[in-house]
Every structure is written in C-alpha cells, then in structure tokens.
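Basis for what follows: all heavy atoms, side chains included, without hydrogens, waters or symmetry-related copies. Below, read A as the first sequence line, B as the second, and so on, with proteins coming before strands; counting in each chain starts at 1.
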2 protein chains.
Amino acid sequence: MLNNSQYIDKLRSSGLRPTKQRIKICEVLFNTHKTFHFTINELVKRISKLTNDKISLATVYNTVHAFKNKGYLKEIPINSDQSYFDTNTSHHHHFYDETQKDLIDIDDADVEPVKINTRIPGKKIKSVEVLVKVEDDKS
Amino acid sequence: MLNNSQYIDKLRSSGLRPTKQRIKICEVLFNTHKTFHFTINELVKRISKLTNDKISLATVYNTVHAFKNKGYLKEIPINSDQSYFDTNTSHHHHFYDETQKDLIDIDDADVEPVKINTRIPGKKIKSVEVLVKVEDDKS
DNA sequence: TTCTACATTATAATAGTTCTAAACTGTTGA
DNA sequence: TCAACAGTTTAGAACTATTATAATGTAGAA
C-alpha cells in the first residue's frame with residue numbers, strides 16, 4: 001500500500017467512501033498506463049491474484065457500477081453472455097473478434113467521425129459507439 | 001394458412017425444414033412491410049396473440065437463432081438484460097433511448113458511411129454497427 | 001468516542017438463455 | 001405408399017450472469 005492517496009482523493013471527490021475494497025479495485029484497474037477490457041469474472045480473478053483479502057462478488061459488481069456511473073469505466077455494447085467494461089473512457093471504438101471472442105480498441109484517429117444527420121426531438125446524444133465485428137478471413 | 005409457400009421455399013432453400021412452427025414464426029416476423037425490433041419475450045407474446053397452437057419457448061429460441069444464422073434477422077448490440085433482434089437486415093444503425101429503453105432505426109442515409117482506416121491481419125469485417133445512445137434533454 | 005449513514009458480505013432470488021432426452025414429423029428412397 | 005432416419009419440437013431442468021436481501025462492519029462527522 002504505497003501511493004494510494006490518488007485513489008483516495010479520486011473516490012472522495014466523487015462522493016464515494018474510500019474503502020479498502022474500492023482502493024484495491026482502483027489499483028487493479030488503474031495502476032497501469034495501459035487501458036484494457038474486462039468482464040466482471042475476469043476482474044474477480046485478477047483481484048484474487050493480486051490480493052490476499054478476498055472481495056465479495058457483490059462488492060465487485062457494486063463497485064464496477066459505481067465507477068461506471070462516475071465515468072471511470074465505460075460499458076461496451078456487445079451481445080455477449082456477459083458485460084464488457086473498458087478502463088479507457090476516452091472516445092474510441094472497438095473491433096469484436098467473433099472467432100476469438102476478443103475485444104480490440106480502434107484508435108479514434110482510425111475512425112472518421114461518425115456524422116448523424118438526424119435527431120430525436122427532446123433527446124440529446126449521450127454517446128456514439130461503433131462496433132466492428134470481424135471474423136477469420138478464409139479467402 | 002394462405003400464402004405461405006414463400007416461407008416454405010425460403011426455409012427449404014436455406015436447409016431448414018418448413019415445420020409449422022417455423023412457418024408461423026415467419027408469418028409473425030415477416031408478414032408486414034414494416035420491419036421492427038423485438039426481444040424473445042415480445043416475440044413469444046406476439047405469437048400467442050396470433051395463433052392458437054402455442055410454440056414452446058425453446059423452439060422460439062432455436063428458430064430465432066437459426067434465422068439469425070441464415071441472415072434473416074440481425075442481433076442488435078446493446079447492453080441490456082435481454083437480446084434485441086431486428087427484422088431489418090439491411091445496413092442501418094440505431095438510436096437507443098436509455099430513458100425509455102426504446103430502440104429506433106437510423107436510416108442509413110442519415111449516417112455518413114463509417115470509415116475504418118485500420119484492419120486486423122487475417123480478419124475480415126463482418127459488420128459495422130453504430131449505436132447512438134440518447135437520453136432526455138433537460139437543458 | 002459515539003453515532004449514523006454508507007459499504008460489504010454471504011446467500012438467496014431472479015431472469016434470460018441453453019441443455020436434455022423423449023416424443024414427433026418432414027423427407028427420402030424403396 | 002410406407003418405413004426409416006435425421007432433423008425438430010417440447011417441457012422442464014439446469015445454468016449463468018446479475019441483482020436483491022438483510023445482517024454485520026466501517027468511515028467520517030460531531
């Protein structure tokens with residue numbers, strides 16, 4: 001437990017109590033410059049690999065949802081049997097490899113801005129997400 | 001049971017036996033010029049409203065998946081507690097109204113073609129889907 | 001220190017979807 | 001026409017991700 005004051009501040013400033021579970025989850029999710037995708041299941045495994053005190057499944061769900069609501073995580077819209085989350089909250093899109101069931105970032109610079117020339121009255125756009133499904137090329 | 005030969009042909013030509021359940025589901029899904037979105041749940045309700053012989057839930061799932069695999073239906077990528085399908089298999093995109101949990105088509109003409117300037121070696125693009133999430137505009 | 005509201009926890013509950021295995025039916029070919 | 005077989009349907013059980021419950025624990029304020 002060295003440099004967790006950043007997480008404590010972050011949590012406190014968004015109205016979340018800095019509990020040791022939340023700090024640990026912050027470490028697992030944000031203690032790297034690389035962003036990544038994960039499912040709850042994968043996160044639970046990652047946590048138990050990196051810590052001795054186990055965190056209950058319910059807490060992991062609660063925390064991930066709290067972080068998502070605060071904008072620290074994004075949920076990626078995919079039809080899958082489980083939800084995918086992304087620690088990269090900047091604007092970008094995804095490939096989904098249906099063969100390997102693998103998610104890959106598409107750098108925002110590699111996608112021309114998506115222009116929507118229609119609106120729904122009384123609604124404002126919250127996000128525009130592009131999902132590019134790919135499969136093995138057997139040609 | 002009048003003009004079902006079209007469905008029988010369609011099914012047979014794609015290697016699906018034209019059972020009476022499948023024909024009935026074709027009627028429910030394709031007997032209109034309007035395309036629409038549905039969940040399995042909604043489809044089951046729609047079927048039971050339009051027919052007397054009930055079709056088992058398992059068959060509805062099987063049939064929807066078979067139709068999806070044959071390209072007669074598209075699954076719409078959304079994070080939801082249930083899967084959404086679309087009888088409109090042409091290239092188009094969607095608004096998802098998070099307030100009302102409602103899906104709305106975006107005419108393909110209203111979206112500038114999405115240009116992806118990167119590829120994954122050995123993979124070919126299967127689909128490019130844009131999901132525009134909207135919410136009530138309280139400004 | 002004490003109090004209180006917020007968090008965590010194990011477990012139960014829920015709900016969508018898939019599996020199972022027995023019964024049924026379209027299709028083929030004799 | 002009819003037997004045989006592979007594909008299909010079915011009810012219900014099983015499975016799995018997620019959410020709810022309610023008791024216990026804990027951070028932060030007074």
Nearest-Å distance, [atom1] ([X]) to [atom2] ([N])?
X: I47(B); N: dT10(D); atom1: CD1; atom2: P; answer: 10 Å
X: Q21(B); N: dG26(C); atom1: CD; atom2: P; answer: 8 Å
X: D81(A); N: dT18(D); atom1: CG; atom2: P; answer: 8 Å
X: Q82(B); N: dT16(D); atom1: CD; atom2: C1'; answer: 16 Å
X: N41(A); N: dT18(D); atom1: CG; atom2: P; answer: 8 Å
X: L11(A); N: dG28(D); atom1: CG; atom2: C1'; answer: 15 Å
X: L57(B); N: dT9(D); atom1: CG; atom2: P; answer: 13 Å
X: Y61(B); N: dC15(D); atom1: OH; atom2: P; answer: 17 Å

Of all the choices, [options], which nucleotide is nearest to the side chain of [X] once you look at every atom?
X: A58(A); options: dT9(C), dT18(D), dT17(C); value: dT9(C)
X: R17(B); options: dT9(D), dC6(C), dA6(D); value: dA6(D)
X: H65(B); options: dG16(C), dT18(C), dT27(C); value: dT18(C)
X: I40(B); options: dT17(C), dT9(C), dT8(D); value: dT17(C)
X: T19(B); options: dT9(D), dA11(D), dA5(C); value: dT9(D)
X: S56(A); options: dT8(D), dT9(D), dA10(C); value: dA10(C)
X: T63(B); options: dA27(D), dT27(C), dT9(D); value: dT9(D)

Practice item. For residues V60(B) and L43(B), determine if any side-chain heavy atom of one lies less than 4.5 Å from a side-chain heavy atom of the other. Key: yes
Practice item. Using a 4.0 Å heavy-atom cut-off across all strands, classify T39(B) as base, sugar-phosphate, or nothing. Key: nothing
Point to revise | Short side-chain donor-acceptor distance under 3.5 Å, N41(B) and T39(B) | key: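 No, because no side-chain N or O of T39(B) sits under 3.5 Å from a partner of the opposite role on N41(B).
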Review point. Judged by modelled atom types alone, do Q21(B) and T59(B) share a side-chain donor-acceptor pair under 3.5 Å?
Key: no
Check your understanding: Less than 4.0 Å between a side-chain N and a carboxylate O, is that true for E98(B) and K126(A)?
Key ->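 Salt bridge between K126(A) and E98(B), a charged N being under 4.0 Å from a carboxylate O: yes.
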**Study point:** Same apolar cluster: I76(B) and F30(B), side chain cutoff 4.5 Å
**Key:** no
**Study point:** Presence of R12(A) side-chain N/O under 4.0 Å of dG28(D) phosphate oxygens OP1/OP2
**Key:** yes
Practice item. Find which nucleotide of DNA chain D each of R22(B) and K54(B) is nearest to by heavy atoms, and output the residue with the more 5' nucleotide. Key: R22(B)
